[in-house]
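The block underneath contains the structure these notes are about, expressed in structure tokens.
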Amino acid sequence: LAGSLYFTKSTGDETEDTDTRYYTVTPSLNYSFTDQIALNLAYSYANEYDKTLTNDREVDRNIVWLALNFNFPQKW
């Protein structure tokens, strides 16, 4: 599970107000078949609020991905 939170706040007057908020939450599942092969399933949700926009100030983003990872053993 991973996440982040970021926001800014302006100190100007109402016409120069540029407050924004952005956060993400990313849970993931991993399954190892062998030492060299693993399967990863993850989902990411992000939300951004921008006070400077006149319409649609809040934006959501959803991402789902499935990855099959191969590692090659080192024989040095």
>> The test is side chain to side chain contact (heavy atoms under 4.5 Å, CB included); show your working for Asp60 and Tyr45 and say whether it passes.
In response: CA-CA 7 Å; Asp60 293 321; Tyr45 172 77; 2.7 Å; yes
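Heavy atoms only, all atoms of each residue included: Thr26 and Ser44 are closest at OG1-OG, 3.4 Å.
Between atom OH of residue Tyr6 and atom CD of residue Glu48 there is a gap of 9.5 Å, rounded to the nearest 0.5 Å.
Looking at residues two or more places apart in sequence or on another chain, you find no ring pair (Phe, Tyr, Trp, His ring centres under 6.0 Å) involving Phe72. For the salt bridge (Lys or Arg N to Asp or Glu O under 4.0 Å) test, residues two or more places apart in sequence or in another chain that qualify with Arg21 are Glu58.
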Can you give me every donor-acceptor pair (side chain of residues 33-43, partner residue at least two apart or in another chain, under 3.5 Å) with its distance?
unit_1, atom_1, unit_2, atom_2, d
Thr34, OG1, Gln36, N, 3.2
Thr34, OG1, Ile37, N, 3.2
Asn40, ND2, Asn30, OD1, 2.2
Tyr43, OH, Asn62, OD1, 2.5

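Note on Tyr31: it clusters hydrophobically with Leu66, by side-chain heavy-atom contacts below 4.5 Å among ILVMFWY residues.
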